[in-house]
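Only a predicted model underlies this, so the values are computations on that prediction, with no experimental measurement involved. No hydrogens, no waters, no symmetry mates; every other heavy atom, side chains included, goes into these values. First listed ligand is number 1; within each ligand, the first listed atom is number 1.
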Amino acid sequence: MDVDLLVIGWGKAGKTLAGRYAATGHSVALVERSPKMYGGTCINIACVPTKDLVVSAEQRRESDDPAEYFAQSVAGRDALISKLNAANHKMLEKPNVTLIDGTARFVGPHEVSIDTADGEVNVTASKIIVGTGATPARLPIPGADGERIYDSTTIQHVEPFPKRLVVIGGGFVGLEFANMFAHFGSEVTVLDGGDTFLPAVDRDVAEAVLDALKAGGIRVESGVKVEEFSETADAVVARSSAGEFEADAVLVAAGRAPATKELGLDAVGITTNERGFIEVDDQLQTSVEGVYAVGDVNGGPQFTYISLDDNRIVWDAIVGDGKRRRSDRVAVPNSTFITPPLSMVGMNEKQVRESGRKVLVASKPVEKIAAMPRPKIVGDTRGLFKIFVDDDTEEILGATVFSIDSQELINFVSLAMRLGAKVSDLRDGIWTHPSSTEGFNEVLGELEPLD
Ligand SMILES: Cc1cc2nc3c(=O)[nH]c(=O)nc-3n(C[C@H](O)[C@H](O)[C@H](O)COP(=O)(O)OP(=O)(O)OC[C@H]3O[C@@H](n4cnc5c(N)ncnc54)[C@H](O)[C@@H]3O)c2cc1C
Ligand SMILES: NC(=O)c1ccc[n+]([C@@H]2O[C@H](COP(=O)([O-])OP(=O)(O)OC[C@H]3O[C@@H](n4cnc5c(N)ncnc54)[C@H](O)[C@@H]3O)[C@@H](O)[C@H]2O)c1
């Protein structure tokens, strides 16, 4: 079969490009190795199901039995995800789109062989998009394949419910699940290999996050080297540089590796870097002309909205005026979905100090922001707002918001930065009341030189 565009992997960039290219009348084939993954990682096993579980966990009452409540929450999660999975399939059911269930492997620079239940299918295309994503990194230590060792996918259906959970890794996945399982009623210990807890976060904010996690019953140990897991009939022990930690289950959340093993990239000259991610230029083209790599597999930041933006860059390269670049991104925000969420954009304190600029800072604990009653109404006044501003240009340089609604607020700051708004635009803006946004009226009125 020959098509105009072949997409490997049903992730955010891949499915968006497939739909858009098909809508312009081109023939498109999309290959996905698992029916459970129609729609990609985010929809089926990552962003959406985990946040559904986070919200369910937050709504648990003390009187709810943890195991029963978890089982109900998982059933709710599964019902939502199966609807989204089916809806994603439906979106690409079009006459000029061939959807192929199978695992793709390059057999030529523009030829892919797909291993399907009915045998091999060969597809050629002048344009190929590789969007195969990433999978949980495995720890290379004894016992890592044990029955009680879970990753971010399998832990969502852990059975029986773990009364004690050890989480290896204090990054996005580790903290989101640690917080979630603590709310479900598990006793949670986080063992992080890094020497510094949340290294990209300012120390005062990291301390506030740590306090909130500890208050939620979570123990966090940094600088821990886990050496071995050993299992008995009813427990697992993580042996580490900080001693032994016994649990009912272990979640390994130590990063994600590119899903390239089955692709046969070497044979056709598609180069990868030392970490295995596909090398791309600023327009996401690989070392083979006409073959692009998008999303997690190209080694960029591992976020769905980055994959979505990769789709825009490739679209511009193959259909538009070719101006978009990966390097033209400004103020890319992120949120860690703990309770309350932690969100950041732009520079942190270390970066503004190193920038050589004259910097102003405003930093205020949420409970002290008098003219922002929403957290009090909601009943969660934890966290703080911290914002850096250039004293000469009034530009916003960066912000960290650890507060309810921060996953929304950070997009607002990001937009202000992208549009080059002045700090006074946010400080003197007319915002609804009672909202979290109005916190900026007060906090930005208290800028001081960064000493
Ligand atoms: C637990 C968790 C929570 C997350 N939460 C968030 C969040 O809240 N917000 C956020 O922005 N990001 C989040 N992420 C990251 C986000 O999920 C990823 O960045 C995003 O899904 C990557 O999309 P992608 O386009 O790279 O492809 P993916 O969505 O990963 O899709 C790749 C697809 O390719 C298929 N595939 C792989 N190899 C082959 C092959 N050889 N042949 C055929 N098909 C193949 C896979 O089955 C998969 O469906 C989270 C990640 C995890 C693990
Ligand atoms: N809210 C979100 O947007 C969201 C949520 C989940 C995941 N993600 C994406 O998925 C990616 C993967 O998440 P992740 O949490 O697995 O990776 P991560 O890179 O965010 O964090 C990995 C953590 O594991 C630790 N670590 C690494 N090796 C270790 C070892 N051997 N022992 C103990 N600790 C070890 C690191 O110190 C780090 O704290 C993230 O980088 C992020 O881009 C995003």
Side-chain angles (χ1 to χ4, degrees), residues 7-17 30-51 53-54 88 100-106 112 114-116 129-141 144 151-153 155-156 167-177 180 190-200 221-227 238 240-241 251-264 293-298 300-308 310-311 333-338 341-343 407:
V7 176
I8 308 173
W10 209 307
K12 188 72 173 177
K15 68 185 174 187
T16 311
L17 283 163
L30 186 145
V31 191
E32 171 52 55
R33 68 177 165 191
S34 166
K36 288 184 182 162
M37 295 294 279
Y38 297 151
T41 300
C42 185
I43 301 289
N44 291 288
I45 54 173
C47 332
V48 182
T50 60
K51 275 41 155 198
L53 289 172
V54 166
N88 268 269
I100 306 170
D101 290 311
T103 302
R105 179 174 49 87
F106 280 88
V112 164
I114 302 154
D115 183 14
T116 76
I129 309 293
V130 184
T132 49
T135 52
R138 192 187 159 277
L139 290 187
I141 59 172
D151 63 29
S152 60
T153 305
I155 196 78
Q156 294 175 42
V167 176
I168 313 292
F172 283 89
V173 172
L175 293 186
E176 289 183 10
F177 278 98
M180 176 208 299
V190 177
L191 304 179
D192 188 20
D195 289 332
T196 308
F197 175 64
L198 290 175
E221 301 285 341
S222 295
V224 180
K225 187 168 168 18
V226 180
E227 286 144 2
S240 79
S241 56
L251 165 64
V252 176
R256 289 172 68 77
T260 52
K261 271 195 205 92
E262 294 138 323
L263 286 172
V294 293
D296 288 1
V297 79
N298 70 20
Q302 296 180 352
F303 299 109
T304 295
Y305 43 93
I306 292 296
S307 182
L308 181 63
D310 282 359
N311 129 74
N334 69 70
S335 290
T336 307
F337 289 84
I338 50 176
L342 167 69
S343 304
Q407 79 281 7

Show me which atoms of ligand 1 lie under 4.0 Å from any heavy atom of T103. 41 (N), 42 (N)
Please name the pair of heavy atoms, one in V297 and one in G133, separated by the smallest distance, quoted to 0.1 Å. CB-O, 3.7 Å
Are F172 and F177 close enough that their ring centres sit under 6.0 Å apart? no
G40 heavy atoms within 4.0 Å reach ligand 1 at atoms 29 (O), 49 (O)
With heavy-atom distances below 4.0 Å as the criterion, list the atoms of ligand 2 near I168. 32 (N), 33 (C)
Out of all atoms in ligand 1, which are within 4.0 Å of some heavy atom of Q302? Include the element for each. 15 (C), 19 (O)
With heavy atoms only and a cut-off of under 4.0 Å, state how C47 meets ligand 1: side chain, backbone, both or neither. both
Counting from 1 in the order shown, the ligand 1 atoms closer than 4.0 Å to a non-hydrogen atom of Y305 are 11 (O)
How does K51 reach ligand 1, by side chain, by backbone, by both or by neither, if only non-hydrogen atoms under 4.0 Å count? side chain
Proximal atoms of ligand 1 relative to A104 (non-hydrogen, under 4.0 Å): 40 (C), 41 (N), 42 (N), 43 (C)
Short N or O distance, D296 and ligand 1, threshold 3.5 Å exclusive: yes
At what distance, to the nearest 0.5 angstrom, does CD of E221 lie from CG of L191? 7.0 Å
Test your reading of the structure: does F172 have an N or O sitting under 3.5 Å from an N or O of ligand 2? yes
Side chains of N44 and K36, heavy atoms from C-beta outward: is any pair under 4.5 Å? no
If every non-hydrogen atom of S241 is compared with every non-hydrogen atom of G223, which pair is closest and at what distance? OG-O, 3.9 Å
Measure the spacing between OG1 of T116 and CZ of R33 and express it to the nearest 0.5 Å. 15.5 Å
Under 4.0 Å from a heavy atom of G194: which atoms of ligand 2 are those, numbered in the order shown and with their elements? 37 (O)
What's the verdict on side-chain contact (heavy atoms from CB on, under 4.5 Å) for L251 and I168, showing C-alpha distance, side-chain angles and the deciding distance? CA-CA 6 Å; L251 165 64; I168 313 292; over 6 Å; no
For atom 25 (O) of ligand 1, tell me which residue out of G295, S307, P341, P49 has the closest non-hydrogen atom. S307
Report yes or no: does a heavy atom of G102 sit under 4.0 Å from some atom of ligand 1? yes
Looking only at distances, please establish whether an N/O atom of ligand 1 is found under 3.5 Å from an N/O atom of S34. no
For F337, the ligand 2 atoms whose distance to one of its heavy atoms is below 4.0 Å: 1 (N)
Checking heavy atoms under 4.0 Å, the part of S335 that sits near ligand 2 is backbone
Just to be sure I'm reading this right: ignoring hydrogens, which of S335, G9, P301 gets closest to atom 34 (O) of ligand 1? Compare them by their nearest heavy atoms. G9
Find the distance between SG (C42) and CZ (F303) and round it off to the nearest 0.5 Å. 11.5 Å
Just verifying a value: how many Å separate R256 CZ and D151 CG, rounded to the nearest 0.5 Å? 8.5 Å
If you look at every heavy atom in S335 and S343, which pair is closest and at what distance? OG-OG, 2.7 Å
Give a yes/no verdict on whether any heavy atom in P301 is under 4.0 Å from an atom of ligand 2. no
Taking the minimum heavy-atom distance to atom 14 (P) of ligand 2, which of V190, I338, V173 ranks first? V173
Under 4.0 Å from ligand 1, counting heavy atoms only, is it the side chain of I8, its backbone, both or neither? side chain
Would you say G131 contacts ligand 1, with heavy atoms under 4.0 Å as the rule? yes
Side chains of M37 and I43 in contact at under 4.5 Å (non-hydrogen atoms): no
Check if N334 has a non-hydrogen atom at a distance under 4.0 Å from any atom of ligand 2. no
Considering non-hydrogen atoms of the protein only, which is the closest contact for atom 27 (O) of ligand 1, and what is the distance? G11 CA, 3.5 Å
Heavy atoms, side chains only, cut-off 4.5 Å: are V294 and V130 in contact? no
Go through it in stages, so that I can follow the logic: the residues are Y38 and D101, the test is side chain to side chain donor-acceptor pair (under 3.5 Å), and I'd like the CA-CA distance, side-chain angles, deciding distance and then a yes or no. CA-CA 10 Å; Y38 297 151; D101 290 311; 2.6 Å; yes
Can you tell if the side chain of T135 reaches within under 4.5 Å of the side chain of T153, non-hydrogen atoms only? no
Residue-level breakdown please: for L263 versus ligand 1, do any non-hydrogen atoms fall below 4.0 Å on the side chain, on the backbone, on both, or on neither? side chain
If you define the side chain from C-beta out and look only at heavy atoms, does anything of L342 sit under 4.5 Å from F337? no
Polar contact flag, side-chain donor to acceptor under 3.5 angstrom, N311-K12: no
Within the structure provided, determine whether Q156 and L53 are in side-chain contact (heavy-atom separation under 4.5 Å). yes
Note, L263 side chain near T132 side chain (heavy atom, < 4.5 Å): yes
Given V226, L191, L251, L139, identify the one with the heavy atom nearest to atom 30 (C) of ligand 2. L139
For R256, the atoms of ligand 2 under 4.0 Å from one of its heavy atoms are 10 (O), 12 (C)
Using heavy atoms and a threshold below 4.0 Å, how should the contact between T50 and ligand 2 be classified: side chain, backbone, both, or neither? neither
Can you report which non-hydrogen protein atom sits closest to atom 29 (O) of ligand 1, along with the distance? T41 N, 2.8 Å
Atoms of ligand 2 under 4.0 Å from any heavy atom of F303, numbered from 1 in the order shown, are 3 (O), 43 (O), 44 (C)
Residue and atom name of the nearest protein heavy atom (relative to atom 2 (C) of ligand 1), distance in Å to one decimal: A46 CB, 3.5 Å
In ligand 1, which numbered atoms sit nearer than 4.0 Å to a non-hydrogen atom of T304? 10 (C), 11 (O), 12 (N), 16 (C), 17 (O), 19 (O), 20 (C), 21 (O)
Relative to the heavy atoms of R256, which atoms of ligand 1 are at a distance of less than 4.0 Å? 53 (C)
Heteroatom distance test (R33, ligand 1): nitrogen or oxygen, under 3.5 angstrom: yes
Rounded to the nearest 0.5 Å, what separation is found between the CZ atom of F106 and the OG1 atom of T260? 11.5 Å
The answer for which part of W10 has a heavy atom under 4.0 Å from ligand 1 is backbone
Considering only heavy atoms, does C42 approach ligand 1 within less than 4.0 Å through its side chain, its backbone, both, or neither? both
Which is closest to atom 37 (O) of ligand 2 in terms of heavy atoms, T336, V167, L342, D192? D192
Counting from 1 in the order shown, the ligand 1 atoms closer than 4.0 Å to a non-hydrogen atom of S152 are 1 (C), 53 (C)
Who gets closest to atom 43 (O) of ligand 2 by heavy atom: K225, K51, Q302? Q302
Could you see which bit of E176 sits under 4.0 Å from ligand 2, with heavy atoms only: side chain, backbone, both or neither? side chain
Separation between OG (S152) and CD (E176), nearest 0.5 Å, reads 10.0 Å
With a 4.5 Å cut-off on side-chain heavy atoms, are Y305 and D310 touching? no
